[in-house]
Amino acid sequence: MHEKDSIFDQISSRGHERLCFHQDPETGLNAIIAIHSTALGNALGGTRRWYYESEADAVYDVLRLSKGMTYKAAISGLPMGGAKSVIMMPHRDKERTEEEARAMGRFVDTFNGAYIAAEDVGVDTQFIDWMALETKHVMGGETVCLGGDPSPWTALGVFHGMRACLLHAGRGEDFAGKTVAIQGVGHVGQSLCKLLSEAGATIVVADINKKNVDFVVDAYGCKTVHDDDILKVECDILAPCALGGVIDGNMVNHLRCPILCGAANNILDDPVEDAVALKTAGIVYGTDFVVNAGGLIHLAGMHLGMSDDVLQTKNDEIFNTTVQILERSERASSTYAAAVEIAEQRIAGGRETEVHAG
Ligand code: NAD
């Protein structure tokens with residue numbers, strides 16, 4: 001368990017609007033939806049399907065992830081709030097089923113659009129399409145609802161973020177001759193390998209799923225290390241693309257990279273303190289919720305009716321946004337602090353508009 005505080009203390013300390021639990025007796029689904037903020041609009045955020053050791057771990061995860069979505073939407077200039085959901089798997093190997101997905105879809109539907117679900121770890125386009133049989137408030141399917149797999153867009157945004165970090169670190173924008181170490185080569189990691197190999201980078205990967213490692217070795221010529229060693233590989237960019245909480249204050253001392261920039265949500269265990277430690281260590285940090293916003297921009301943008309051209313432009317803007325935040329971080333305690341400051345100003349602006357309109 002990560003938090004000793006009561007659930008209400010956790011909600012109030014992070015500023016959540018709602019935390020809702022649901023059990024479906026027929027399928028045994030246990031799920032949680034957390035809406036952090038709707039100050040800027042309805043909230044789009046993925047559904048994570050994962051085995052948690054305890055309910056407390058699931059609550060901790062959904063609260064942190066949903067707050068990150070609020071920041072992600074705000075920093076990306078989207079008129080959307082932040083939310084996320086988790087499905088607590090009863091055991092690690094439980095296969096996904098249509099009944100389970102449809103039960104989750106009915107839970108999502110009870111929010112009447114204040115929460116719009118999409119993919120996250122453990123959920124694929126088929127699962128989304130099954131959910132969409134029960135609710136229209138879901139994005140990222142291929143047949144029943146729109147959007148498709150957002151991972152390639154997320155990877156493209158991370159790639160733009162990496163370019164911005166390289167420039168800021170005075171290493172040029174060119175990936176040729178650079179080494180990028182990637183932890184986790186699932187949906188996003190594989191797309192990132194493709195972009196990096198096309199750009200001429202040397203790629204080192206690790207994943208607990210051997211099939212995924214074999215795929216990127218064959219397809220993109222990636223080198224491999226054991227998953228216990230990937231975070232300590234000597235490289236130009238370290239890209240955590242698996243789960244969150246992988247870098248803490250102690251791990252910062254073991255990093256052998258000038259840049260940390262990856263797709264995983266909540267890369268830093270304690271983002272406030274660990275981002276300061278990174279700055280002190282001279283490591284450029286491409287803030288996770290800034291650089292991994294490509295998938296959200298794609299699905300939220302489609303939901304809002306943006307054209308393909310606008311979607312592409314908004315994804316490309318991740319480069320400029322990252323540059324702007326890195327420059328601002330020179331005067332702030334960390335990159336994370338600089339990014340949060342901009343996001344919170346926009347959210348406060350949204351709340352003021354609400355009050356005036358009301
Ligand atoms: P995924 O489930 O497809 O891939 C995750 C990969 O990480 C899997 O291959 C898994 O085996 C591997 N993994 C898990 N634990 C590991 C460990 N300890 N060491 C090495 N590998 C490990 O998920 P994804 O969609 O690629 O998302 C990856 C991360 O990016 C997640 O944190 C997710 O929240 C975040 N993210 C994803 C998107 C998106 O569009 N999919 C958008 C924003 C953020």
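Ligands are counted one by one from 1 in listed order, and the atoms in each one are counted from 1 as well. Keep in mind that what you see is a predicted model, and the values were worked out from it rather than measured.
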Given the ring of Tyr51, does Arg92 sit roughly above its face, with NZ or CZ under 6.0 Å from the centre of the six-membered ring and within 45° of the axis?
no
Could you tell me if the side chain of Met251 sits less than 4.5 Å from the side chain of Lys232, heavy atoms only?
yes
Taking atom 15 (N) of ligand 1 as the reference point, the nearest protein heavy atom with its distance
Ile208 CD1, 3.6 Å
So, regarding Ala263 and ligand 1 (criterion: nitrogen or oxygen to nitrogen or oxygen, under 3.5 Å), is there a contact or not?
yes
Tell me: protein heavy atom nearest atom 23 (O) of ligand 1, and distance?
Val121 CG2, 3.6 Å
Heavy-atom pairs closer than 4.0 Å: do any link ligand 1 to the side chain of Thr154, the backbone, both, or neither?
side chain
Would you check whether Ser151 reaches within less than 4.0 Å of ligand 1, judged by its heavy atoms?
yes
Side chain, backbone, both or neither: the part of Arg48 lying under 4.0 Å from ligand 1 by heavy atom
side chain
Hey, is ligand 1 close enough to Asp207 that some N/O pair sits below 3.5 Å?
yes
Atoms of ligand 1 less than 4.0 Å from Ala264 heavy atoms?
29 (C), 30 (O), 32 (O), 35 (C)
Quick one: which ligand 1 atoms are inside 4.0 Å of a heavy atom on Pro150?
40 (O)
What atoms of ligand 1 come within less than 4.0 Å of a heavy atom belonging to Lys72?
43 (C)
Below 3.5 Å, N or O to N or O, backbone or side chain included: is there any such pair between Gly295 and ligand 1?
no
Quick check: Val188 and ligand 1, any N/O pair under 3.5 Å apart?
yes
Measure the acute angle between the ring planes of Phe175 and Phe159, then classify it against the limits of 30° and 60° as parallel, tilted or perpendicular.
parallel
Atoms of ligand 1 close to Asn209 [distance to a heavy atom under 4.0 angstrom, numbered from 1]
11 (O)
Check the angle between the aromatic planes of Phe215 and Tyr220 and answer parallel, tilted or perpendicular using the 30° and 60° thresholds.
perpendicular
Single hit among Glu100, Glu99, Glu98 for salt bridge (charged side-chain N to carboxylate O under 4.0 Å, His left out) with Arg102
Glu98
For atom 4 (O) of ligand 1, grab the closest protein heavy atom and report residue, atom and distance to one decimal in Å.
Gly186 CA, 3.2 Å
Is Glu95 paired with Arg49 through a side-chain N to carboxylate O contact shorter than 4.0 Å?
no
Heavy-atom side-chain contact between Gln312 and Trp153 under 4.5 Å
yes
Determine, using the 4.5 Å side-chain heavy-atom cutoff (strictly less than), whether Val205 and Leu195 are members of one ILVMFWY cluster.
yes
Can an N or O of Lys84 be found at a distance shorter than 3.5 Å from an N or O of ligand 1?
no
Tell me whether Leu44 is reachable from Met306 by hopping between hydrophobic residues (I, L, V, M, F, W, Y) whose side-chain heavy atoms are closer than 4.5 Å.
yes
Taking 4.0 Å as the limit for heavy-atom contacts, which would you say applies to Arg49 with ligand 1: side chain only, backbone only, both, or neither?
neither
Hydrophobic clusters here meaning ILVMFWY residues chained together by side-chain heavy-atom distances under 4.5 Å, can you tell me if Ile318 and Leu299 are in one?
yes
When you check the gap from the basic side-chain N to the acidic O, do Lys178 and Asp174 get nearer than 4.0 Å?
no
For ligand 1, indicate whether the residue Asp120 contacts it via side chain, backbone, both or neither (heavy-atom separation under 4.0 Å).
side chain
For ligand 1, which part of Ala293 has a heavy atom less than 4.0 Å away: the side chain, the backbone, both, or neither?
neither
Give the atom numbers and elements of ligand 1 that come within less than 4.0 Å of a heavy atom of Asn265.
32 (O), 33 (C), 34 (O), 35 (C), 36 (N), 44 (C)
Would you call the rings of Tyr336 and Tyr71 parallel, tilted or perpendicular, where under 30° means parallel and over 60° means perpendicular?
perpendicular
Asn212 contact mode with ligand 1 (heavy-atom cut-off under 4.0 Å):
side chain
Which protein non-hydrogen atom lies closest to atom 43 (C) of ligand 1, naming both residue and atom, and how far is it?
Asn292 O, 3.5 Å
I need the nearest protein heavy-atom contact for atom 31 (C) of ligand 1: residue, atom name and distance, please.
Ala242 O, 3.0 Å
Indicate if Ile230 and Leu268 have the same hydrophobic cluster label, given that clusters are the connected sets of ILVMFWY residues with side-chain heavy-atom separations under 4.5 angstrom.
yes
If you have a sec, work out which protein heavy atom is nearest atom 25 (O) of ligand 1 and how many Å separate them, to one decimal?
His187 CB, 3.7 Å
Side chain proximity check, Leu296 to Met80, heavy atoms < 4.5 angstrom
no
For atom 28 (C) of ligand 1, what is the nearest protein heavy atom, given as residue, atom name and distance?
Cys241 O, 3.2 Å
